[in-house]
Every structure is written in structure tokens, then in C-alpha cells.
J.: 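Below: one structure in C-alpha cells.
In the text below, chain A, chain B and the rest are named by the order of the sequence lines, each starting its count at 1. Computation of the quantities below employed the complete heavy-atom set of this structure, encompassing side-chain atoms and omitting hydrogens, waters and symmetry-equivalent molecules.
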Amino acid sequence: MKGKANLSQDSEVNHMMNEKLQEIKNRALEQIKDTDSLEKLSEVRVAFLGKKGELTDVLKSMKNVDPKDRPAVGQLVNETRKAIEDVLDEAKKNLSEKMREIQMKAEVIDVTLPAKKAVYGHPHPNTRALDEIKRIFIGMGYEVIEGPEVEYDYYNFEALNIPANHPAKDEQDTFYINDKIVLRTQTSGEQVHVMEKGKLPIRMISPGRVYRADEVDATHSPCFHQVEGMVVDENITFSDLKGTLAEFAKQLFGPETKVKFRPHHFPFTEPSAEMDVSCFKCGGKGCRMCKGEGWIEILGCGMVHPHVFEMSGIDPEKYTGFAFGIGLERIALLKYEIDDMRLLYENDDRFLKQF
Amino acid sequence: MNTSINWIKAMVPGLEGVTDQEFRDAMTLSGTKVEGFERYDKNLKNIVVGQVLSVERHPDADKLVVCQVNVGQAEPVQIVTGAPNIEVGSSGQKVPVVLDGGSVAGGHDGSPLPENGIKIKKGKLRGVESAGMMCAIEELGWPHDFFPDAAEDGIYILADDAVVGEDAVHYLGLDDTSFEYEITNNRVDCYSLIGIAREAAATFNKEFNPPKVEPTGNDEKVEDYISVDVEATDLCKRYTARVVKNIKLAPSPKWMRDRLRASGIRPINNIVDITNYVMEEYGQPMHAYDLDTIEGKKIVVRKASQGEKFTTLDGIERNLDSEVLLINDSKKAIGLAGIMGGENSMITDSVSTMLFESATFDGTNIRKASKRIGLRTDASGKFEKGLDPNNAIDALNRACQLVEELGAGQVVGGTIDVYPSPKQQERLPFEYDKINAMLGTDISREDCLDYFKRLEIGYDEASNELLIPSFRQDLHRTCDIAEEVARLYGYDNIPTTLPHSSSTAGGVSFEQRVIDKASDIALYSGFSEAMTYSFESPKVFDKLLIASDSPLRNTVRISNPLGEDFSVMRTVPVNGLLTSLATNYKRRNKNIKLFEIAKIYLPSQEADKLPDERKQFTLGFFGDGDFYTLKGVLEEILERLNLCDRPEYDPKSEVEFLHPGRRADLIYDGKKIGYLGEVHPDVADNYGLGEKTYIAVLDIPTLVAEANFDIKYTGIANFPAVSRDISLVVPNTVLAGDIEKVIENCGGKLLENFKLFDIYEGDQIEKGFKSMAYSITFRAKDRTLVDDDIKGIMDKLLGQLKDMGIELRA
């Protein structure tokens with residue numbers, strides 16, 4: 001055996017020592033073999049290798065050894081210690097692995113038990129729909145602005161080409177505060193506010209509450225929301241209006257969405273249109289949602305009427321623009337397939353939780 | 001507006017072969033929106049004209065008879081019927097017969113029509129074979145009053161001109177479709193058949209054949225019968241009239257009845273039918289007076305006097321005011337202009353001479369008058385749109401033509417026409433380039449001129465001007481012309497592009513960012529977003545225990561609300577949320593947390609100024625949590641908006657609807673930024689809230705003024721902290737906030753944080769006192785603190801607390 005200590009052959013002591021060490025080693029290995037826990041293994045280590053352990057005792061008895069033999073004996077002791085330690089370490093490693101395995105087996109959980117969730121609130125469906133609309137238009141460079149709900153008659157009507165006695169004023173079932181002040185019936189007055197500020201070009205959307213004297217039912221509410229939109233610059237065309245709103249529809253309802261523009265009339269735009277989108281439920285084949293039409297009316301729009309420009313101090317010979325108005329509730333009801341508008345204002349938790 | 005497609009096709013023959021669906025789609029895309037259409041014969045199948053050959057008694061039933069009916073086939077069919085007007089022994093009657101396998105619209109009792117009609121099959125009635133059914137008008141889907149010539153009870157006996165074996169549905173004019181349109185208020189001309197037919201002709205590019213009106217009248221002069229004086233020329237732009245004498249009232253001919261019926265109008269007699277027919281055709285209401293009731297051979301058009309009473313032809317006395325326009329003779333009022341004629345001058349069965357009036361009244365005046373009087377008629381509905389004065393005379397002459405054609409009377413020669421300021425021909429420059437520039441198109445000049453021609457817009461090449469026809473009262477500027485071009489070119493054919501203009505940054509306002517952040521925190525704290533109405537009942541203030549003299553009761557009031565419950569704009573933001581919480585409570589929903597971002601509306605001192613609209617951030621909940629839960633959410637919102645100083649809570653809050661011992665104003669930087677508390681038990685009772693409910697409100701403008709998003713990194717502490725725990729015996733009257741102020745003041749720069757970790761009131765503590773334990777942590781940025789650093793601070797701290805009656809707990 002390489003490096004084995006070279007003891008005097010005839011030394012009785014040495015012989016005895018050798019045998020003793022061998023005996024200790026065998027015993028130690030025997031005990032290690034039988035050990036089935038880390039604690040017991042630790043006890044074995046202490047019993048043989050500890051400060052008061054057997055091998056330490058052997059070292060202590062070195063004083064009886066012939067001094068010339070001491071190095072060799074010492075080496076023999078160390079070899080024995082090393083041998084025991086190696087086996088101990090090996091045993092510890094194996095035992096640890098085994099214990100970890102047992103532990104993990106005992107720790108198996110039912111991963112299908114219910115999750116523990118923090119309780120978060122839910123945004124209102126109107127807000128969810130509005131956030132989508134805002135995201136789309138902000139992406140196209142639109143600023144989001146807001147204006148007053150209690151508004152001068154002038155901004156709600158006159159400045160939008162709806163003079164006193166215009167039948168449209170009656171049609172909109174306006175709530176009046178007094179002769180000059182109304183609850184706005186549309187967000188379109190924001191067009192005028194923005195233009196009056198005189199900062200061009202304009203690209204804005206303006207969401208907000210509007211009011212009409214409609215009795216509450218499944219499709220009407222005296223208080224609801226619109227999102228106004230407006231672009232004013234040089235060389236803005238009707239084709240830009242079509243392109244912008246087609247892009248909006250695709251982003252809101254999906255890339256397959258088709259749009260259709262129908263001529264319509266609004267006093268403050270000319271030409272005017274209503275936009276339909278292909279039904280996003282049936283894809284245009286016709287279903288209950290689109291009442292079998294394949295198309296759903298989404299918004300009104302048009303080129304800003306030159307007289308509206310003139311009243312707001314913008315030169316219609318230089319600038320053109322388009323405007324549109326979206327009914328927010330309409331979008332929310334359609335997009336989330338809500339069948340009764342009253343649900344939006346009841347705030348039943350079982351309803352709100354779904355958004 | 002409803003029209004019969006057959007009537008339209010009579011004016012636009014080129015539409016023959018166009019299906020209902022095609023008509024609908026094309027008209028909608030060119031601007032005449034079709035709301036819907038319905039075929040009158042959708043459930044009428046296999047119905048022919050039959051002739052009764054014989055009627056015999058049924059062997060086993062008293063009320064039934066057995067008929068042999070010639071339906072134009074080789075053999076007559078046998079039909080058993082119980083109709084009272086087919087009598088035993090009679091024969092020769094022509095009747096609609098539905099044959100075996102056909103179907104009818106409904107039952108003979110006139111009850112609501114089933115969606116898919118009723119199938120008719122060969123069968124036996126009391127043992128006698130019956131191979132079809134003779135039809136009453138109700139079975140064909142119509143009430144009797146639309147077919148006055150039909151029997152009121154029994155089989156519809158057809159006129160002699162019906163041809164045996166031919167399609168009875170066609171004979172009765174029921175092979176027609178009713179179209180319903182949404183006409184926008186700028187297209188007054190389209191509230192008429194001619195208007196829609198003209199649009200149809202332009203849309204399909206087909207020839208348009210409106211009625212040709214030939215001259216009418218005898219040698220007499222209308223002036224010998226009547227003179228007209230229009231005093232209120234501002235309210236009556238044109239007044240035309242003609243006289244018809246020797247009137248012979250009779251039913252109108254079948255073709256006229258068919259068309260009226262298909263337009264939803266009941267035929268009455270020739271004179272009434274002509275008036276209605278022309279109103280449908282031209283969109284011009286007319287009125288007929290019995291000329292013999294008109295005194296002094298004179299018509300005066302003037303305003304009523306205030307408080308004047310007048311009995312309309314429906315027999316109801318109406319109270320008038322000085323803005324109502326009246327038609328008078330030389331002595332009395334005889335009609336409410338444009339709304340309804342008078343009882344005293346109405347046409348009766350004994351009429352012999354009548355005055356046909358076709359006038360143009362001011363639309364706004366008619367609209368307002370009919371609203372004030374509370375009488376809206378078909379006529380006023382047309383007038384209030386503002387009619388074209390040049391249409392009035394055409395309609396009158398058309399009516400007179402029909403009178404002659406129908407032999408309903410003798411038209412007197414000449415026409416009264418009071419038209420003080422005739423409408424001028426409107427001319428617009430044809431700005432071809434501008435139109436294309438506005439549309440983003442490249443439509444040729446020739447195409448534009450073709451569209452104009454189809455729309456009867458004239459073109460003067462010499463001046464390059466468009467001549468706007470009188471009926472197009474909506475065309476005033478080039479943008480209007482652009483729309484005409486666009487809709488005939490087809491909106492769908494206009495390209496789609498994106499604006500190539502100068503770029504804009506876009507984004508949301510600072511206020512919106514603040515609100516979004518606050519919303520995020522509310523959502524992450526378990527609050528869902530609610531929305532409630534902005535207006536409410538003034539009773540809300542009592543419900544919320546708000547003092548009768550509180551300025552909050554000064555509201556923006558709606559002068560025409562839907563009802564008291566929706567009559568005032570809210571000045572307090574909590575009613576909506578409390579109501580919603582109560583709704584959830586009543587529905588047994590548990591642990592409800594809601595928030596709302598909504599405005600309050602504080603009226604201005606000046607009546608003509610707009611109110612101050614202030615957005616409020618309101619949170620409310622019941623269920624898991626308490627006052628301090630809500631406080632935690634508020635503080636999180638403040639921290640995330642970078643309001644880093646410690647907010648103060650003033651328990652001397654005066655928010656009436658909160659529990660007096662459990663409410664506080666939230667003060668930041670000396671400013672009241674909101675309030676919170678437990679809902680007053682009386683208020684909770686008022687709302688039916690059976691659980692403790694908590695409410696907090698933040699005033700968003702104040703919050704926005706303080707908020708910022710400027711975050712600066714301050715480093716991570718490198719030196720260890722030193723903590724001191726102190727346990728205090730505190731008089732009950734001392735607030736935690738007062739103690740914490742002292743800790744903050746004394747702690748100075750070295751104070752890192754502190755925490756109340758125990759509060760106790762009870763046996764071990766003297767009555768009137770509470771035990772409070774704070775853990776206070778100090779740290780320096782530049783060194784490790786030593787005991788001496790802390791000792792001075794703690795001594796000062798305890799000294800100040802002692803002055804407040806607070807002792808260290810032994």
C-alpha cells in the first residue's frame with residue numbers, strides 16, 4: 001500500500017497499535033453501515049473522531065510509543081482517521097439524499113386545491129371600453145381632453161350650427177338649467193372649445209358624460225357617455241376620416257373587421273356619415289346581435305362644417321377637418337354582450353366582477 | 001316615412017325587377033336610410049279570385065253551408081263555410097279563395113297576426129269535404145276599415161271587375177312592400193313619395209316620371225268666390241287656394257285606395273282621399289273648408305289673440321295664445337293654421353262647394369304652437385319641418401287634377417296665390433377641385449355633372465354655377481354639394497387613407513394620470529368601479545342628514561327634469577355609492593367595496609355662469625375591514641402620488657352623514673383634501689344598509705394640485721438602525737396623532753420610522769387611560785448610532801409626552 005507507514009517489524013507496541021487501529025476502523029465502519037439517521041451518524045463521528053473519541057485516545061497514548069516510531073504511528077492514526085472520515089462523509093451524503101427524498105415525499109401537496117388570490121377590484125365596463133378607445137387614439141397622436149357637462153347653450157347647439165328653433169334642438173330632448181345653460185346633449189361642444197383655443201393642428205378625443213331626457217329602460221339612460229373626436233389641419237380629407245375610423249374599428253373589434261359608411265346628416269359636419277362595422281360576433285353572416293343584418297351601427301362622423309370653423313375662428317379655406325362621436329355605452333354593451341343598459345348604473349358586484 | 005314600393009315603381013319604371021333587398025341596400029348607401037321593409041303578402045299563398053256557383057245547406061250543421069266555387073280550374077272546388085254573408089241559394093259572388101296548401105295572414109276575428117300565417121289544407125267539416133277557404137279581409141291581414149268595401153262580418157265580396165282564377169293578392173294590391181325610412185331633418189323633400197322616388201331614380205340611374213299636372217278649372221274666376229288676406233306674412237310665406245263646386249262625395253277608385261292603404265292610410269271618400277294622396281305624393285298638407293260656412297267670401301290669415309278659444313274639427317275647445325296662427329273668415333276663426341281645421345267649417349256629407357287651401361306656414365311656429373296647444377297632427381308634423389313654398393302650388397294643382405279625374409266635383413278656374421316674397425333661385429359655384437380635395441378623390445367633372453343631372457341640380461356653364469332646385473332646401477355651400485357627389489359616387493368607393501399631416505404628441509392630461517393612479521390603487525385594494533347618475537332627488541339631503549341651511553343644498557336644478565328623483569345635480573358625491581352599496585346589501589352580496597370617480601356641481605353665485613364641476617374620488621364599503629382599512633387605502637393613494645408628508649386626520653370633521661365619533665377630515669399640507677368615516681347609523685338606516693359602512697371622499701382638484709410623479713432615489717441605508725420600544729400610559733382624551741406629532745418633532749433627522757404595535761384598555765390600566773406601545777427606529781446615513789445619540793432624543797420625547805399627561809408604563 002502506497003505511503004503506508006513503515007513500522008519496526010519487531011515492535012510489540014507497534015504491532016498492538018496496528019491491530020488496535022484496525023479494530024477501531026472495522027468497528028467504526030460497522031457502526032456507520034448500520035446508521036440510519038444523520039443524528040446517529042453524528043454520534044458515530046463523535047465517538048470515534050471527536051475530542052474524546054477513540055482515535056483521539058489512541059493519539060493521546062502516543063506518549064507510550066517509542067519516540068522513533070511516533071511519526072509512523074501518527075501517520076497510521078491519520079490514515080485510519082481519513083479512512084473513517086471518508087466513509088462517514090460518503091454515508092452522510094447518501095443519508096442526506098435519502099432523507100431529502102423522504103421529506104419531499106411527505107410534502108406532496110394537492111396542486112388542484114383552490115388558489116389563494118388577493119382580492120382585487122374590477123374597472124367599470126365603460127372604463128374598460130374607454131381605455132381601449134383611448135389607447136387606440138393616443139397611439140395615433142390624439143390628445144385626451146375633457147370639458148364641462150353643464151354647458152352654455154351656445155357650445156352645445158349654436159356653435160355647432162344648430163341655431164335657436166332648429167328642430168334638432170327638440171329632437172335631442174335637452175335638459176335645461178335656464179335659458180342659456182343646458183346639460184350637454186353631446187360631447188361635440190368640445191370641438192368648439194378646442195378650436196377656440198386656436199392651437200392647430202388638432203387631434204383630440206374628448207370622452208365625457210352627456211344627458212338626454214330619455215326614460216330609463218334596457219336601451220336608454222338619461223345620463224350616458226360619448227367620446228368625441230376631431231382632427232383639424234391642412235388637407236384633411238374624407239378619405240382620411242374613412243381610413244382613421246376603419247383603423248380604429250380594426251383595433252377595437254379585431255383585424256377582420258370591415259366598415260361601411262352611410263350618408264347621414266349632422267348639422268355640424270358636411271358631408272356626414274354613419275359608420276357600421278361588420279358584426280364581430282357572426283362575422284357578417286347575420287345573428288341576433290346584429291339583428292340578422294351582418295352590420296352594426298357604431299358611430300356618426302363627418303367633415304367639419306365650414307360654418308362651424310368660421311364661428312370658432314378657423315379659416316375654412318385653409319383648414320379642413322373631420323369629427324366623430326362614439327357612444328361609449330353602445331361600445332361597451334356590444335363588445336361585452338351586455339343586454340341591459342341599466343346594469344351599468346346599478347353596480348351589482350356580480351356584474352362588475354366580470355370586467 | 002313609409003312608402004309602397006309599387007307606388008315608387010310607378011314613378012321609376014326602371015326599378016321593375018329590383019328586389020326589396022337590393023332597393024333597401026342601394027337606398028341606404030345613397031343616403032335614404034331604409035329602417036325596414038315588410039311584404040304585405042308574405043303569408044298570403046295560393047289565393048285566387050273565385051266565383052260562387054251554388055250554396056247549399058250543410059247536412060249536419062245549421063250554421064255551415066256547402067259552396068261550389070269556380071276558381072278558374074276545370075272543376076269547381078267544394079268549400080264549407082260558416083260566413084254569415086254567404087246565404088243558401090245565392091250565387092255569383094266573387095270572393096278571394098285560398099286553395100289547398102295555401103296560407104292566409106290571420107284569423108277572421110282580426111286578432112294579432114301569427115308570425116308565419118295560417119296554413120290551409122283540404123279537410124272535412126262535420127263530415128263534408130272542404131278543399132279551401134273563402135277569405136274575410138281580416139284573414140288577408142287587414143282590419144276592415146282599410147277596406148271599407150269589404151263585409152264587416154263575413155267573406156270579402158269582390159267587385160265585378162275581378163277575374164275568376166286570377167291572383168287575388170295582386171287584384172287587391174297586396175303584392176306590395178312597405179318600406180320604412182329614416183329621413184334626416186335636412187331632407188324635407190324626402191318626406192314625400194316624389195322625393196323618395198327621385199332619390200331612387202338618382203340612385204339607380206333610372207328615368208324619373210313624376211305625375212304630370214295638367215291645367216284644370218272651368219271658365220269661372222276663383223276671385224268671385226273668395227279673397228285672401230295674409231296679415232301675418234312672417235308666419236305664412238305663401239297661401240294658395242282653389243275652389244271646387246258641385247262636389248259629389250263617393251268612394252275613391254280602387255287604385256287610389258290601394259296606394260293609400262299601402263302607405264298606411266285608411267280610405268274615406270274621394271275628397272279626403274285626394275287630400276291624403278297628394279300629401280303623400282308631394283309632402284304638402286292641404287285643408288278643405290266648406291265654402292258655404294265661410295262668411296264674407298274672405299280668408300284672413302292672422303295671429304290669434306291671447307286667450308282666444310277655438311273648437312277644432314275633433315270637437316275639442318282649444319285655448320290659444322297670441323303666437324298661434326289662425327285662419328279666419330270675415331267674422332270668425334275657421335282653422336288652426338297648419339294644425340287642424342275648425343268644427344265650424346269642416347266638410348260634411350252635405351258639402352257642395354269647398355275651398356282647397358295649400359299654404360306654407362313657418363315650421364318653427366307650427367312646431368311650437370302644436371306643442372303648446374298639445375295637438376300634433378300629420379299636417380303639423382309636415383309643416384314643422386319647414387316646407388318649400390314652391391311645392392304648395394304644385395300640390396294644389398295636382399289635387400284639382402285628381403278632383404276632375406275622379407269626377408269628384410267641378411274645379412273653378414284660377415288660383416289664389418298670395419306669395420309676397422317669392423323664393424329666389426339659389427346658385428352655387430361649381431368648385432370641382434375643392435370637392436375632390438375635400439373628399440380625397442379624383443372624380444371626373446363629367447361624373448359630377450351626371451350626378452347633378454340625376455338630382456335635378458341645374459348647371460349654368462357660362463357662369464360655372466349650379467342651380468339649386470327649390471325643393472333642395474339643404475344645399476347652400478360647396479360642402480353640401482360635395483356630399484351629393486360623394487353619396488352618388490358611393491361612400492364605399494372613396495379611398496381610405498390616414499392623415500398625412502403634421503404630427504401631434506397625444507396623451508392624457510396630468511389630472512387623468514392622477515386619477516388613473518388613484519384608480520389603480522383602489523382596484524388593487526379590492527374596490528370595484530361604480531358609475532351612478534349625476535342628478536338625484538333633493539330628498540337626498542334629508543337622507544344624508546345635511547342641515548337645512550347647509551350650502552350643499554344650494555344646487556344646480558334642472559328646469560325640465562324627468563321627475564323629482566332626477567332633478568338636482570349632486571353637490572355631495574356619496575348618494576350614488578351608498579345607493580349602490582345598499583342595492584348589493586339587499587341582494588345579499590357580501591364584502592362589497594366600490595369606488596366612483598364622479599363630479600359634483602357647485603352652482604356659481606351668478607345665474608348665468610357655469611357651476612364649478614369638481615371631480616370627486618369616492619370609496620365606500622361594507623364587510624371585511626373598518627375605518628382603518630379605508631384610511632390605509634387613502635394613505636396608499638397619497639404616497640403613490642408623491643404626497644410624502646404625513647397627512648393629518650381631524651376628528652372635528654363636520655361631515656353630517658358620518659358617525660360623529662368615527663369621522664375625520666383628511667388634511668394635507670394644511671389643506672383639507674377629503675374626509676372619511678363610518679356612515680352615520682341613521683343614514684345607514686335611511687339607505688337600508690344593515691352593516692357598518694364606510695365612506696371616504698377625495699377632492700380631485702386639491703389632490704391634483706399636490707400630486708407629482710417626480711421620484712428621486714434616496715439610497716439604501718448602509719449603517720445599522722437602533723430601535724427603542726416605549727410603553728405609555730395615555731389619558732383617553734389624547735389622540736395617537738398627537739403623540740406621533742411629538743415623536744416626529746423630537747426624532748428629527750435621525751428618526752427613520754415608528755410604529756404603534758400595541759394598544760390596550762382594560763383591567764390592568766387605570767380607568768380613563770389606555771396603554772400604547774410604540775417601536776421607534778433611528779438611523780443615521782453616515783455612521784453607526786451610539787446610545788448617547790438616542791438618549792437625548794428619548795429624554796426630550798418623554799419630557800414632552802409627560803407634559804401631555806403621558807407616563808412611561810411601569
J.: Let me know if B:Lys33 has heavy atoms under 4.5 Å from chain A in its side chain, its backbone, both or neither.
T.: side chain
J.: Taking side chain as everything from C-beta outward and backbone as N, CA, C, O, which of these in A:His305 sits under 4.5 Å from a heavy atom of chain B? Side chain, backbone, both or neither.
T.: side chain
J.: side-chain contact (heavy atoms from CB on, under 4.5 Å) for A:Glu149 and B:Lys599? Distances and angles first, verdict last.
T.: CA-CA 9 Å; A:Glu149 295 166 20; B:Lys599 286 175 173 178; 3.2 Å; yes
J.: Among B:Ala607, B:Pro611, B:Gly507, which residue forms the greatest number of heavy-atom pairs with chain A at distances under 4.5 Å?
T.: B:Gly507
J.: Quick one: does any side-chain atom of B:Ser559 pair with a main-chain N or O of A:Tyr176 as donor and acceptor, under 3.5 Å?
T.: yes
J.: Measure A:Val216 against the heavy atoms of chain B and call it side chain, backbone, both or neither at under 4.5 Å.
T.: side chain
J.: Heavy-atom pairs under 4.5 Å with chain A: which of B:Gly563, B:Gly31, B:Gly526 has the most?
T.: B:Gly526
J.: Side chain of B:Ser528, backbone of A:Gly121: donor and acceptor closer than 3.5 Å?
T.: no
J.: Verify side-chain contact (heavy atoms from CB on, under 4.5 Å) between B:Val556 and A:Ile181, making sure each step is shown before the conclusion.
T.: CA-CA 10 Å; B:Val556 176; A:Ile181 299 177; over 6 Å; no
J.: What part of A:Ile202 is in contact with chain B, defined as an atom under 4.5 angstrom from a non-hydrogen atom: side chain, backbone, both or neither?
T.: neither
J.: Examine the side chains of A:Asp348 and B:Asn589 and answer whether a donor and an acceptor come within less than 3.5 Å of each other.
T.: yes
J.: For a quick test of reading the model, state the closest non-hydrogen atom pair linking A:Pro263 to B:Ser30 and the distance between them.
T.: CG-C, 3.7 Å
J.: If you count heavy-atom pairs within less than 4.5 Å of chain B, which of A:Met303, A:Lys353, A:His264, A:Arg209 leads?
T.: A:Arg209
J.: Heavy-atom distances under 4.5 Å only: say whether B:Thr579 touches chain A with side chain, backbone, both or neither.
T.: neither
J.: Determine whether B:Thr497 and A:Thr237 make a side-chain contact, defined as any pair of heavy atoms from C-beta on separated by less than 4.5 Å.
T.: yes
J.: Any salt bridge linking B:Lys615 with A:Glu146? Criterion: basic side-chain nitrogen under 4.0 Å from a carboxylate oxygen.
T.: yes
J.: Is there a side-chain contact between A:Tyr345 and B:Thr532 in this structure, where contact means two heavy atoms from C-beta onward sitting under 4.5 Å apart?
T.: no
J.: Of the backbone (N, CA, C, O) and the side chain (C-beta and beyond), which part of B:Asn186 lies under 4.5 Å from a heavy atom of chain A, both, or neither?
T.: both
J.: Which atoms of A:Tyr142 come close to chain B, meaning under 4.5 Å heavy atom to heavy atom: side chain ones, backbone ones, both, or neither?
T.: backbone
J.: What verdict does the side-chain contact (heavy atoms from CB on, under 4.5 Å) test give for B:Tyr533 and A:Ser221, after you've listed the backbone C-alpha separation in whole Å, the side-chain angles of each residue and the deciding distance to 0.1 Å?
T.: CA-CA 9 Å; B:Tyr533 289 163; A:Ser221 166; 3.3 Å; yes
J.: Using non-hydrogen atoms only, which part of A:Lys134 is less than 4.5 Å away from chain B: side chain, backbone, both, or neither?
T.: side chain
J.: Rounded to the nearest 0.5 Å, what separates atom CG in B:Leu498 from atom CG in A:Leu241?
T.: 11.0 Å
J.: Measure from the side-chain N and O atoms of B:Glu529 to the backbone N and O of A:His124, and report whether any donor-acceptor pair falls under 3.5 Å.
T.: yes
J.: How many angstroms lie between atom CE of A:Met275 and atom OH of B:Tyr491, to the nearest 0.5 angstrom?
T.: 14.0 Å
J.: Once you round to the nearest 0.5 Å, how far does CG of B:Asp608 lie from NZ of A:Lys180?
T.: 4.0 Å
J.: Quick one: what part of B:Lys385 sits under 4.5 Å from any heavy atom of chain A, side chain, backbone, both or neither?
T.: neither
J.: Shortest non-hydrogen contact from B:Val508 to A:Ile138?
T.: CG1-CD1, 3.7 Å
J.: Is it the backbone or the side chain of B:Ile494 that comes under 4.5 Å from a heavy atom of chain A, or both, or neither?
T.: both
J.: Give the member of A:Pro222, A:Gly139, A:Pro125 that has the highest number of heavy-atom pairs under 4.5 Å with chain B.
T.: A:Pro222
J.: Select one option (side chain, backbone, both, neither) describing which atoms of B:Arg477 are under 4.5 Å from chain A's heavy atoms.
T.: side chain
J.: Give, as side chain, backbone, both or neither, the part of B:Glu182 having an atom under 4.5 angstrom from any heavy atom of chain A.
T.: side chain
J.: Do the rings of B:Phe535 and A:Tyr211 sit parallel, tilted or perpendicular, given the 30° and 60° boundaries?
T.: tilted
J.: A side-chain contact here means heavy atoms from C-beta on lying under 4.5 Å apart; do A:Ile177 and B:Ile558 qualify?
T.: yes
J.: Find the distance between CG (B:Leu562) and CD (A:Glu215) and round it off to the nearest 0.5 Å.
T.: 5.0 Å
J.: Does any heavy atom of chain A fall under 4.5 Å from the side chain of B:Ala437, the backbone, both, or neither of them?
T.: backbone
J.: Can you confirm whether B:Leu439 sits close enough to A:Ser239 that some side-chain heavy atom of one is under 4.5 Å from a side-chain heavy atom of the other?
T.: no
J.: If you round to the nearest 0.5 Å, how far is OG1 of A:Thr127 from CD1 of B:Ile515?
T.: 11.0 Å
J.: Return yes if a side-chain donor-acceptor contact under 3.5 Å exists between B:Ser525 and A:Tyr120, otherwise no.
T.: no
J.: A:Ala273 versus chain B, heavy atoms under 4.5 Å apart: side chain, backbone, both or neither?
T.: both
J.: Among A:Asn126, A:Thr320, A:Leu344, which residue forms the greatest number of heavy-atom pairs with chain B at distances under 4.5 Å?
T.: A:Asn126
J.: Once salt bridge (Lys or Arg N to Asp or Glu O under 4.0 Å) is applied, do any residues pair with A:Glu270, and if so which ones, sequence neighbours excluded?
T.: none
J.: Between A:Asp349 and B:Ile592 (side chain of the first, backbone of the second, donor and acceptor by atom type, cut-off under 3.5 Å), is there such a pair?
T.: no
J.: Could you state the interatomic distance from CZ (A:Phe238) to SG (B:Cys479), rounded to the nearest 0.5 Å?
T.: 12.5 Å
J.: Check for a donor-acceptor pair, side chain of B:Glu613 on one end and backbone N or O of A:Val150 on the other, with a separation under 3.5 Å.
T.: yes
J.: Please lay out, stage by stage, how B:Leu610 and A:Tyr152 fare under the test side-chain contact (heavy atoms from CB on, under 4.5 Å).
T.: CA-CA 8 Å; B:Leu610 297 181; A:Tyr152 289 111; 3.5 Å; yes
J.: Side chain, backbone, both or neither: which part of B:Phe527 has a heavy atom under 4.5 Å from chain A?
T.: backbone
J.: Can you tell if the side chain of B:His500 reaches within under 4.5 Å of the side chain of A:Asn235, non-hydrogen atoms only?
T.: yes
J.: Picking from B:Lys593, B:Arg587, B:Arg487, which has the most non-hydrogen pairs under 4.5 angstrom with chain A?
T.: B:Arg587
J.: Side chain, backbone, both or neither: which part of A:Phe322 has an atom under 4.5 Å from a heavy atom of chain B?
T.: side chain
J.: With a 4.5 Å cut-off on side-chain heavy atoms, are B:Pro499 and A:Arg203 touching?
T.: yes
J.: Just so I know, are the side chains of A:Val259 and B:Thr496 near enough to count as touching, which here means a heavy-atom distance under 4.5 Å?
T.: no
J.: Tell me, for A:Glu274 versus chain B, whether the close heavy atoms (under 4.5 Å) come from the side chain, the backbone, both or neither.
T.: side chain
J.: Please check if the side chain of B:Glu483 supplies one atom and the backbone of A:Ser272 the other of a donor-acceptor pair under 3.5 Å.
T.: yes
J.: Are B:Lys434 and A:Glu317 ion-paired here, with the side-chain N under 4.0 Å from a carboxylate O?
T.: yes
J.: Using non-hydrogen atoms only, which part of A:Asp214 is less than 4.5 Å away from chain B: side chain, backbone, both, or neither?
T.: backbone
J.: At their closest point, which heavy atom of A:Arg262 faces which heavy atom of B:Leu29, and how far apart are they?
T.: CG-CD2, 4.0 Å
